[in-house]
Amino acid sequence: AGAPEWISLAFGWRTERVPPGKWKKAIQTRSGKDGALATASSLWPNRQYWLEHGQKEFREGMAEAALIALYGHRMLQQETGDDANGSIFD
């Protein structure tokens, strides 16, 4: 277990490892890093700075991290029955 898992355990938060294919299918992202960049750009057009600046590996990682967070947000909404439509980045 890495630092995120230990922190979650310390606070009593549940964690779940999700394979890339599962969250990419749920978010409707094409496979590959470029798919994550394209999907993130279309979901958050006003957040282009982190998609256009820096090394490509950094941008790809940021896009994937944002999409994984969105996946988790949607799964929690389903689990709790919260129908709020707000974006996690607004």
Side-chain angles (χ1 to χ4, degrees):
E5 288 87 359
W6 286 110
I7 292 169
S8 296
L9 180 65
F11 282 99
W13 299 334
R14 183 185 60 153
T15 62
E16 178 182 345
R17 290 188 179 263
V18 180
K22 185 174 182 179
W23 67 261
K24 287 182 179 186
K25 183 178 179 181
I27 302 295
Q28 299 176 336
T29 300
R30 291 189 322 248
S31 62
K33 304 284 186 176
D34 289 334
L37 284 168
T39 302
S41 287
S42 68
L43 286 171
W44 301 292
N46 59 340
R47 303 286 194 259
Q48 292 299 309
Y49 180 84
W50 54 271
L51 292 174
E52 295 172 350
H53 296 84
Q55 294 180 342
K56 187 173 183 190
E57 294 81 15
F58 175 78
R59 291 182 287 129
E60 292 166 345
M62 290 294 292
E64 286 195 336
L67 294 172
I68 291 167
L70 177 62
Y71 170 82
H73 177 71
R74 288 181 179 174
M75 293 302 104
L76 281 174
Q77 283 181 320
Q78 278 184 354
E79 191 175 291
T80 62
D82 181 4
D83 290 334
N85 251 349
S87 169
I88 59 173
F89 295 111
D90 287 343

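The shown structure was predicted, so the numbers you read here are calculated from the model rather than taken from an experiment. Residues take their numbers from the sequence shown, with the count starting at 1.
- Following chains of ILVMFWY side-chain contacts shorter than 4.5 Å, one can reach Ile68 starting from Val18, so the two form part of one hydrophobic cluster.
- Among Glu60, Lys56, Met62, the single residue meeting the side-chain contact (heavy atoms from CB on, under 4.5 Å) criterion with Phe58 is Met62.
- When Gln77, Gln78, His73 are each tested for a side-chain contact (heavy atoms from CB on, under 4.5 Å) with Met75, only one passes: Gln78.
- Side chain of Glu5 to backbone of Gly2: a donor-acceptor contact under 3.5 angstrom is found.
- Note that the CD atom of Gln28 and the OG atom of Ser42 stand 10.0 Å from one another [nearest 0.5 Å].
- Across every non-hydrogen atom of Lys24 and Arg30, the tightest pair is CD-O, 4.4 Å.
- The pair Glu64-Arg59 fails the salt-bridge criterion, with no side-chain N (NZ, NE, NH1 or NH2) lying under 4.0 Å from an Asp/Glu carboxylate O.
- Note that CD1 of Ile7 and OG1 of Thr15 are 12.0 Å apart. Values are rounded to the nearest 0.5 Å.
- To the nearest 0.5 Å, the span separating CG on Leu43 from CG on Leu70 amounts to 6.0 Å.
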(Q) For Arg17 and Lys22: C-alpha separation, side-chain torsions, deciding distance, then whether side-chain contact (heavy atoms from CB on, under 4.5 Å) applies. (A) CA-CA 10 Å; Arg17 290 188 179 263; Lys22 185 174 182 179; over 6 Å; no
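- Leu76 and Tyr71 are members of different hydrophobic clusters when ILVMFWY side chains are connected at heavy-atom separations under 4.5 Å.
- Contact between Ala63 and Ala36 at its shortest, heavy atoms only, is CB-O, 3.7 Å.
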